[in-house]
Amino acid sequence: MVEQDWWQKSTVYQVYPKSFKDTNGSGTGDIKGLTMKLDYLHDLGINIVWLQPVYISPQNDNGYDVADYCRINPEFGTMEDFDELMNELDKRGMVLMLDIVVNHSSTEHAWFKQARQSKVSPYRDYYIWKDPAADGGVPNNWQSKFGGSAWQYDELTGQYFLTLFDKTQADLNWENEQVRKEVVDLLRFWAEKGVKGFRMDVINLISKDQSFPEDDGSVSPGDGRRFYTDGPRVHEFIREMYDQVFGPYHLVTVGEMSSTTLAHCVRYSNPEENELSMTFNFHHLKVDYLNGQKWELMPYDFEELKRLLSEWQIGMNKGGGWNALFFNNHDQPRALSRFTNDTIFRSESAKLLATTLHGLQGTPYVYQGEEIGMPNPVWNDINELRDIESKNMYRILQEQGKKPDEALDIIRERSRDNSRTPMQWDTTVNAGFTSGTPWIKVDERYPEINVQSQLEDIDSIYNHYKKLIALRKELPIFTEGMYERLDECHPQVYAYARINEQETLIVMSNFSDQDVSFSIPDEFWNERMDSKVSELLIGNTMHTPELAQDTPLSPYASYMWIIR
Ligand code: TEU
């Protein structure tokens with residue numbers, strides 16, 4: 001086993017700054033608000049804070065449309081506020097992981113403004129321009145991930161430019177060495193300011209097939225689009241960033257890999273490849289996509305969820321890769337509402353998801369609000385939502401024949417805004433997030449679901465996360481143990497083991513509202529449990545059951561034992 005890196009025992013906390021804490025009454029969160037809450041994160045046991053984009057941006061995609069990579073958006077504060085945050089993190093032995101968005105820039109970026117001036121601009125080749133097709137239309141039929149064509153027509157020069165996301169997010173041309181140099185320069189700028197990690201936004205999309213073929217509807221092995229997903233030079237480009245920045249500054253890096261494959265993620269994150277520290281993949285978060293389509297609903301496929309988690313545990317370990325573990329982020333609905341019960345079994349469910357995830361091999365990510373069991377908000381009207389993707393899809397779904405209410409029901413389930421409502425700190429107005437008018441509504445359940453009510457409650461969801469985070473630092477089996485699935489397609493239970501020479505960890509969870517029981521397979525039980533002693537490390541019910549070969553599990557019960 002490769003020498004354990006400090007970030008393999010760490011837990012990362014993801015901060016969506018716009019909704020974390022507002023200190024000046026603007027209605028949006030700010031950097032000073034994060035600094036104010038560092039003791040809260042430190043007490044939780046967090047080592048690494050992932051700060052999502054706070055750069056100059058028109059905010060069409062909440063900061064993922066960057067107009068200046070090295071200046072702070074005044075909405076979030078000043079560079080002095082950023083420097084203060086860095087100092088306060090350092091005092092607490094914590095580090096900052098900064099979000100880097102270099103597959104595309106905002107069309108408000110100076111580079112793009114210059115590029116669109118003329119075909120001979122020195123910046124023209126920073127972006128991807130194509131002549132109209134023979135019929136005068138778009139160069140090919142590639143689609144934006146936010147709906148509609150991926151090509152925008154530029155009147156001034158009579159060409160189209162590529163936008164895989166919003167029409168104001170222009171894809172950068174990574175074939176251009178000057179673009180790659182600009183990216184290395186901005187990475188070095190933040191590394192010189194003491195940033196110790198980067199989260200690389202959709203970094204596996206940066207290498208496009210230069211023939212720009214028609215989208216023939218076939219998909220790459222990772223169910224993406226093969227001509228820009230894990231493209232021909234992607235590993236070369238990432239390796240270049242490693243050689244020039246990630247390695248020399250000893251940074252921890254995570255790649256967001258849209259529609260990728262296990263084989264590529266092994267290569268992206270095996271330390272011998274000198275690319276990234278770890279990767280996010282999203283296959284386990286598409287098990288409720290009917291026909292793989294995000295905007296077609298179906299109940300989630302529990303067996304597929306367990307199969308995928310197991311496949312990636314075994315495959316990444318075998319290949320020497322490293323998983324970024326997550327069920328939540330700012331682009332996903334809250335897992336609590338999506339996979340379990342966010343009403344009468346809300347507390348048990350939140351703890352079950354935490355135990356299930358944090359027992360796996362990889363680095364866990366806690367998305368703001370997950371640690372207190374925030375569910376999907378109640379959306380009464382489409383005008384309460386802010387996300388560009390959700391607004392586009394509300395229109396497109398109706399163009400496809402859905403009635404307004406049907407479209408809204410789909411948006412309620414899938415919208416990224418489900419995870420973007422303000423952090424719920426206490427029971428004061430706006431949950432203590434802002435003294436102003438919040439940029440997006442605060443969920444109406446904040447009086448019962450907030451940080452303040454959980455800090456001192458030893459049985460709270462917050463303290464359940466705190467204990468799991470501490471266990472990972474304390475027990476090597478969390479980082480080193482080999483994964484073995486124990487349930488064979490059980491309809492309600494997910495059970496797995498983590499095994500090393502000295503100990504065995506058993507994680508057993510009932511993902512249903514039924515009373516069930518689970519039997520550990522005879523072969524495993526006889527081989528692993530013979531004359532051993534089990535200790536319950538953490539559970540989510542009042543019972544503290546000894547591990548037995550046949551264990552009764554109440555609704556959403558979840559337990560973790562260690563056997564020595
Ligand atoms: O997300 C890319 C991504 O895969 C998701 O946005 C997904 O494609 C989308 O929800 C459609 O289902 C990253 C950021 O996390 C996201 O917030 C940005 O909007 C996007 O890239 C563009 O930068």
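Ligands are counted one by one from 1 in listed order, and the atoms in each one are counted from 1 as well. All values derive from a computational prediction rather than experimental measurement.
Looking only at distances, a side-chain donor or acceptor of Gln143 sits under 3.5 Å from a matching main-chain atom of Asn141. Between the side chain of Asp209 and the main chain of Ser211, a donor-acceptor pair closer than 3.5 Å is present.
The shortest heavy-atom distance from Phe282 to ligand 1 is not under 4.0 Å. Distances from ligand 1 to the non-hydrogen atoms of Lys286 include no value under 4.0 Å.
Ranking the protein heavy atoms by distance from atom 13 (C) of ligand 1 puts Asp201 OD1, 2.9 Å first. Nearest protein heavy-atom contact of atom 15 (O) of ligand 1 is Asp331 OD2, 2.5 Å. Of the protein's non-hydrogen atoms, the one nearest atom 18 (C) of ligand 1 is Asp61 OD2, 3.3 Å. Counting protein heavy atoms only, atom 8 (O) of ligand 1 is closest to Lys145 CD, 3.6 Å. The closest protein non-hydrogen atom to atom 2 (C) of ligand 1 is Val202 CG1, 3.3 Å. Closest protein heavy atom to atom 10 (O) of ligand 1: Lys294 NZ, 3.3 Å. At the shortest separation from atom 6 (O) of ligand 1 among protein heavy atoms lies Arg416 NH1, 3.2 Å.
With a 4.0 Å cut-off on non-hydrogen atoms, Gln52 does not touch ligand 1 at all.
Remark: the Ser349 side chain and the Asn341 side chain contain no N/O donor-acceptor pair separated by less than 3.5 Å.
The contact set between ligand 1 and Phe146, taken as ligand atoms under 4.0 Å from a residue heavy atom, comprises 19 (O). Ligand 1 places these atoms under 4.0 Å from at least one heavy atom of Arg420: 17 (O). Close contacts of ligand 1 with His104, meaning ligand atoms under 4.0 Å from a residue heavy atom, involve 22 (C), 23 (O).
For Asp185 and Lys181, the salt-bridge test passes: some basic side-chain N is under 4.0 Å from an acidic carboxylate O. Taking 4.0 Å as the cut-off between side-chain N and carboxylate O, Arg445 and Asp443 count as a salt-bridged pair. Looking at Glu175 and Arg233, a side-chain N of the basic residue comes within less than 4.0 Å of a carboxylate O on the acidic one, giving a salt bridge.
Ring orientation note: the planes of Phe246 and Tyr242 are nearly perpendicular, at an angle over 60° on the 30°/60° scale.
Nearest-residue assignment for atom 1 (O) of ligand 1 (options Glu256, His330, Gln332; heavy-atom criterion): Glu256. The heavy atom nearest to atom 11 (C) of ligand 1, considering only Arg414, Met393, Glu389, is found in Glu389.
Checked against the 6.0 Å centroid criterion, the rings of Tyr446 and Trp425 do not qualify as a close aromatic pair.
Each of Lys294, Arg414, Lys145 was evaluated against Glu389; a single residue qualifies, Lys294, per the salt bridge (charged side-chain N to carboxylate O under 4.0 Å, His left out) test.
Val49 has its side chain out of reach of Val12: every pair of non-hydrogen atoms, C-beta onward, lies at least 4.5 Å apart.
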